[in-house]
Amino acid sequence: MNVQTPLNHSADAKTAEEGLAAQNFDTPVDSTRATEIAMQNTLLTPRFYTTDFDELDSLNVEPVRAEWDLLIAQMKADPNKGHFKKNADWDHIDWDGMDPALKAEFIDFLISSCTAEFSGCVLYKEMKRRGKNPDVTGLFQLMARDEARHAGFINDALREAGIAVNLGFLTQAKKYTYFRPKFIYYATYLSEKIGYARYITIYRHLEANPDKRFHPIFKWFREWCNDEFSHGEAFALLMRTDPEITQSRMNRLWIKFFLTAVFSTMWVRDHQRPAFHEALGVDPAWYGQEVFRKTSDISRQVFPMVLDIDHPRWIPGLERLDRANRQIAAAKRQGGIGGKLKQWWGSARAGAAFLSLLTIPSIPNEVPETSRLEPAY
């Protein structure tokens, strides 16, 4: 019987299965604390999703066949194979000498990013396993391959710090959230596109300010964000297979909800990492608005509206949401009845702030006849 030798590194994997079995996914270091953080389920932490796989499998891509085949051919060409692993450009990092606040926030950033990439891999891999539609299963196998590489690469960076996320344990133990397929489309499309906007904004900033590049992983962000961009293109095409997904009155409301939720979550999460952004030389408020602007411009390919991020209520609403989140976190640390009451009050303030953001009039958008875009930033 032939026994297949595991790959040395997930960067060389042709499939998600090969990537997850690669040797750099082993965790011979202390992973308890990192895995505990990844296991958390809050409004701000990445989640694992499941959906109606039969409904997804019945999807017909013929209305977008020409664009679909071009995208799949590009992904099959696999320009990033072998890219996501250390080479001579990987600088040595003195983790012990790093500022403690920066170290804690950067590790939190890496754990959150690793969990998000791995959650995408798990979802896409399950879509491929459950389906029989060759268009759908073919796409999700390719995307799961990419996400496995990304997660493995981040885990490499964490291992240097003496920790790693036990990704196999997460698959079995982390709570899964059910979303209908259309909600998966909205949430994942935005996740991929905002991921592109985040990574390319940081990459371009550090390209102009290399003295602020405090870790070598940022050198890999251009190719990384191009994977995110391609994945977003795929979800744009999935949504365009049925006009009702984006054009019906109810679904327009859902799209606005997801846009507001994703943008506001990013704002609050980034403002929890002041040392991280200070080290990069980036103002979190400027960075947030820049990422929102890029994401809004891109999302015009498929969404019938964009958020008015220049509205007078936008920034004040985000700031109120951030303050409410800080109150909730402080109340949880306090504990007891007093802490619980403060949590409820903080949650009420957060709900009011989010409702204020949600009621800002959106800007209508005329969706183009074709959605195909190329990275332009």
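Taking the six-membered ring for Trp and thresholds of 30 and 60 degrees, Y189 and F303 have ring planes more than 60 degrees apart, a perpendicular arrangement. Relative orientation of the H231 and Y124 rings is perpendicular, given thresholds of 30° and 60° on the angle between their planes.
One finds no salt bridge joining K193 and E228 here, because no Lys/Arg side-chain nitrogen approaches an Asp/Glu carboxylate oxygen to under 4.0 Å. Electrostatic pairing of R130 and D54 does not count as a salt bridge here, judged by no charged N lying under 4.0 Å from a carboxylate O. The residues D69 and R65 are annotated as salt-bridged, a charged nitrogen and a carboxylate oxygen being separated by less than 4.0 angstrom. Using a 4.0 Å cut-off between charged side-chain N and carboxylate O, D242 and K182 make no salt bridge. Checked for salt-bridge contact, E126 and R129 meet the test: a charged N lies under 4.0 Å from a carboxylate O. A salt bridge does not link D297 to R293: none of the charged nitrogens lies less than 4.0 Å from a carboxylate oxygen.
Annotation: salt bridge (charged side-chain N to carboxylate O under 4.0 Å, His left out) contacts involving residues 245-263, sequence neighbours excluded, are absent.
I337 belongs to a hydrophobic cluster whose remaining members, ordered by chain and number, are L341, W344; membership requires side-chain heavy atoms of ILVMFWY residues under 4.5 Å apart, directly or through intermediates.
Not counting sequence neighbours, W345 has no partner by the ring pair (Phe, Tyr, Trp, His ring centres under 6.0 Å) test.
Between N325 and H271, every side-chain heavy-atom pair lies at or beyond the 4.5 Å cut-off. Between P216 and I93 the shortest side-chain heavy-atom distance falls below 4.5 Å. Inter-residue side-chain proximity for P274 and E105 is flagged as met; some heavy-atom pair is nearer than 4.5 Å. At least one side-chain heavy atom of H205 sits under 4.5 Å from a side-chain heavy atom of V282. Between L139 and W68 there is a side-chain heavy-atom pair separated by less than 4.5 Å. Proximity of W224 to Y203: side-chain heavy atoms (C-beta onward) are nowhere separated by under 4.5 Å. Using a 4.5 Å heavy-atom threshold, the side chains of L318 and D322 count as separate.
Both F257 and I360 sit in one connected hydrophobic cluster of ILVMFWY residues. Membership requires side-chain heavy atoms under 4.5 Å apart, directly or through other members. V268 is connected to W314 through a chain of hydrophobic side-chain contacts under 4.5 Å among Ile, Leu, Val, Met, Phe, Trp and Tyr, so both are in one cluster. There is a path of hydrophobic side-chain contacts, each under 4.5 Å, that joins M75 to L238. There is a path of hydrophobic side-chain contacts, each under 4.5 Å, that joins W95 to L280. With hydrophobic clusters built from ILVMFWY side chains whose heavy atoms lie under 4.5 angstrom apart, V302 does not share a cluster with V306.
The aromatic ring centres of W220 and F84 sit 6.0 Å or more apart. Between F214 and F106, a ring centre-to-centre spacing shorter than 6.0 Å is recorded. Aromatic rings of W254 and F183 (six-membered ring for Trp) have centroids within the 6.0 Å cut-off, being under it. Close placement of the Y199 and F221 rings is indicated, their centers lying within 6.0 Å of each other. Two rings, from W286 and H277, have their centers 6.0 Å or more apart. The six-membered or imidazole ring of W90 lies away from that of F218, with a centre-to-centre distance of 6.0 Å or more.
Interatomic distance, R145 CZ to K128 NZ, rounded to the nearest 0.5 Å: 13.0 Å. Atom OG of S296 and atom CE of M305 lie 11.5 Å apart (nearest 0.5 Å). Separating the CG atom in D52 from the OG atom in S58 is a distance of 8.0 Å, to the nearest 0.5 Å. Note that CD1 of I245 is 7.5 Å distant from CG of N251, once rounded to the nearest 0.5 Å. Atom CG in N60 sits 8.0 Å away from atom CG in D135 (nearest 0.5 Å). Interatomic distance, E160 CD to N155 CG, rounded to the nearest 0.5 Å: 12.0 Å.
Residues Q334 and K342 bring a donor and an acceptor atom of their side chains to less than 3.5 Å of each other. With 3.5 Å as the limit, one finds a donor-acceptor pair spanning the side chains of T201 and K294. A donor-acceptor pair shorter than 3.5 Å can be found between the side chains of D227 and N80.
Judged by distance alone, the side chain of Q247 and the main-chain N or O of P304 form no donor-acceptor pair under 3.5 Å. Judged purely by atom type and a 3.5 angstrom limit, T137 uses its side chain to pair as donor or acceptor with the backbone of N133. In this structure a side-chain-to-backbone donor-acceptor pair under 3.5 Å is missing from S191 to A187. For T295 (side chain) and F292 (main-chain N/O), no donor-acceptor pair under 3.5 Å exists by modelled atom type. At least one donor-acceptor pair under 3.5 Å links the side chain of T359 to the backbone N or O of L355. N209 places no side-chain N or O within 3.5 Å of a backbone atom of K212 that could act as its donor or acceptor partner.
With respect to Q301, the side chain to side chain donor-acceptor pair (under 3.5 Å) criterion is satisfied by exactly one of R372, R240, E233: E233. Evaluated for a side chain to side chain contact (heavy atoms under 4.5 Å, CB included) with Y185, the options I255, L56, T246, L190 yield exactly one hit, L56. With K219 as the partner, the side chain to side chain donor-acceptor pair (under 3.5 Å) test is satisfied by one option alone out of N87, D91, D89: D91.
Within a 6.0 Å sphere centred on CD of E278, other residues, nucleotides and ligands contribute 12 heavy atoms or fewer. Residue K103 qualifies as enclosed at atom NZ: its count of foreign heavy atoms under 6.0 Å is above 12. Atom CD of E244 has 12 or fewer heavy atoms from other residues, nucleotides or ligands within 6.0 Å. The number of heavy-atom neighbours closer than 6.0 Å to CZ of R313, taken from other residues, nucleotides and ligands shown, is above 12.
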Under the criterion side chain to side chain contact (heavy atoms under 4.5 Å, CB included), I'd like the reasoning laid out for L123 against M127: C-alpha separation, chi angles, the key distance, then a yes or no. CA-CA 6 Å; L123 176 64; M127 288 173 169; 3.8 Å; yes

I'd like to know whether V61 forms a side chain to side chain contact (heavy atoms under 4.5 Å, CB included) with L237, so could you lay out the CA-CA distance, the side-chain angles of the two residues, the decisive distance to 0.1 Å, and finally the verdict. CA-CA 8 Å; V61 304; L237 290 175; over 6 Å; no

Evaluation steps, side chain to side chain contact (heavy atoms under 4.5 Å, CB included), between L110 and D108: CA-CA 5 Å; L110 291 175; D108 180 73; over 6 Å; no

Going through the distances and angles, do Y186 and F179 end up as a side chain to side chain contact (heavy atoms under 4.5 Å, CB included)? CA-CA 10 Å; Y186 306 149; F179 266 3; over 6 Å; no

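In this structure, P63 and T241 approach most closely via the heavy-atom pair CG-O, 3.9 Å. In this structure, A261 and T265 approach most closely via the heavy-atom pair O-OG1, 2.7 Å. Considering all non-hydrogen atoms of both residues, A350 and A324 come closest at N-CB, 3.6 Å.
For the pair K85 and F153, the NZ or CZ position fails the cation-pi test of under 6.0 Å to the six-membered ring centre and within 45 degrees of the ring normal.
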